[in-house]
Asker: 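Before anything else, here's the structure in question.
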2 protein chains.
Amino acid sequence: MTPQPSARERLLDAADDLAARQGMRATPVDEILGRAQVSPATLYAHFGNKDGLVVEALRRRLSRWEVTWQACVDEADTPEDKVLALFTALARHRSSHTPSRWCVFLGAAAETPSPGSELASTLADDTRLLVDRLESIAQEHLAGVPARVLAHRISLVYTGVLGMILRGSEVDPVIAEGRAIAALAIRSLADGAAPADT
Amino acid sequence: MTPQPSARERLLDAADDLAARQGMRATPVDEILGRAQVSPATLYAHFGNKDGLVVEALRRRLSRWEVTWQACVDEADTPEDKVLALFTALARHRSSHTPSRWCVFLGAAAETPSPGSELASTLADDTRLLVDRLESIAQEHLAGVPARVLAHRISLVYTGVLGMILRGSEVDPVIAEGRAIAALAIRSLADGAAPADT
DNA sequence: GTCTATACAAAGATAGAC
DNA sequence: GTCTATCTTTGTATAGAC
């Protein structure tokens, strides 16, 4: 007898799932309500409006992503693998959560030319987490490598993987490809900082 | 006395401009009509519906992009520069056309979970042009390098640049960064195929 | 907090005249 | 081909009862 989750939880689950699959703008409120088995009034009582609900769902997703990523960093052995754990995390995240068409945050950004301040800050949080976390991992584990530069380059490659998924690339191969390119970027910057031995 | 372009041209210009700035789905028909100074009936007489108009505008944009890219390839001197001309072309395209928020084709894909067949094929054309053209450039100018692999890797990096622009990165620096990463990918594959001279 | 019913707004498309 | 006026559908949000 699994007790049914609260209306609030059901709304968040439905909004998250549908935004991931179809995009937040492409998903009408009615569809979220139908999926959650909740009436309109309940949604607006809890979240104020559709954007409020979506923002909450995105925040929850971001914090889950952060946990997954951190776990993959912790599991990695070598310094290089700790930086590249980003790609392991992406694969794991995609298999453990509701399937998203590419990236829910980039998708929301693409769908929303003029996001409200709450949405904008949530989307910015996603990018900030990406770049800053990469930088701190690099700083901690790859002494001598310019961490900020590395973080930007790997962010670019990671974002490219997501974009290629939107283009229709198969997920696992393109993640592997991104990982390979990122590894190249790491070695290149490492060589530059401390010229090749041998 | 510049003669006013036909209603059809004005519609294409307006749709292209607005789709580039805001996204096709985020742009209401009324706004296109207002910008083009055209009445609704005219739009539907020419293009059938909104999607028909957008698809035509996207096709026109794609063919212009192809021209710009080819010109940059022709102008490049070294084999490596011919492959990397993609990034020169991106910078040039962005400065010579109406400013787009990131990429009109990826934007349309992101906004449209279930595109109609015409739109879907136009979006696929964009990706196919990207990958296939890169492959043929590599085949022609970089003998011995696995052209298909190279084309995929550079497509990924290029797509990453576009995605980073969506994330809010400054355009010129991120294009330069993408170019640098792509150069790395080229050299890596070249070294693998024909071990370094010297 | 939650429901039913409904109001209100936006957007896509068409009718009929010229 | 093009216009004015209007219809239809869809989508967001609220009123009022329980």
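So you know, we letter chains A, B, ... as the sequences are listed, proteins then strands, and number each from 1.
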Asker: What pairs of residues pass the side-chain hydrogen bond (donor to acceptor under 3.5 Å, both in side chains) test when at least one of them lies in residues 110-125 of chain A, not counting sequence neighbours?
Answerer: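 Applying side-chain hydrogen bond (donor to acceptor under 3.5 Å, both in side chains) to every pair that reaches into residues 110-125 of chain A, excluding sequence neighbours, yields A:Asp125-A:Arg128.
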Asker: Can you list every pair that meets salt bridge (charged side-chain N to carboxylate O under 4.0 Å, His left out) and has a residue in residues 154-172 of chain A, with sequence neighbours left out?
Answerer: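 Found A:Arg167-B:Asp126.
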Asker: Do A:Gln139 and A:Arg148 pair up side chain to side chain, a donor and an acceptor below 3.5 Å, judged on atom types alone?
Answerer: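 No, no side-chain donor-acceptor contact under 3.5 Å.
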Asker: Rounded to the nearest Å, what distance is computed from the CZ atom of residue A:Phe47 to the P atom of nucleotide D:dT14?
Answerer: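 To the nearest whole Å, that distance equals 16 Å.
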Asker: I need the CD-C1' distance between A:Gln22 and D:dT10, as an integer number of Å.
Answerer: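 Atom CD in A:Gln22 sits about 15 Å away from atom C1' in D:dT10.
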Asker: Would you please name every residue forming a side chain to side chain donor-acceptor pair (under 3.5 Å) with B:Thr88, sequence neighbours left out?
Answerer: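 B:Arg179.
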Asker: So, using side chain to side chain donor-acceptor pair (under 3.5 Å) as the criterion, who are the partners of A:Glu75 when residues are at least two apart?
Answerer: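 If we apply the side chain to side chain donor-acceptor pair (under 3.5 Å) test to A:Glu75, skipping adjacent residues, the hits are A:Arg92.
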Asker: Walk along nucleotides 6-18 of chain C from 5' to 3' and tag each nucleotide B, S or - by protein heavy-atom contact under 4.0 Å, base first, then sugar-phosphate.
Answerer: -----SSBBB---
Asker: I'd like to check the ring pair (Phe, Tyr, Trp, His ring centres under 6.0 Å) partners of B:Trp69; sequence neighbours left out, ordered by chain and number.
Answerer: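 For B:Trp69 the ring pair (Phe, Tyr, Trp, His ring centres under 6.0 Å) partners, ignoring immediate neighbours, are B:Trp65.
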Asker: I need the CG-C1' distance between A:Leu43 and C:dT2, as an integer number of Å.
Answerer: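 Taking atom C1' of C:dT2 as the reference, CG of A:Leu43 is at 12 Å.
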Asker: Atom CG of B:Leu11 to atom C1' of D:dT2: distance rounded to whole Å?
Answerer: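 To the nearest whole Å, that distance equals 11 Å.
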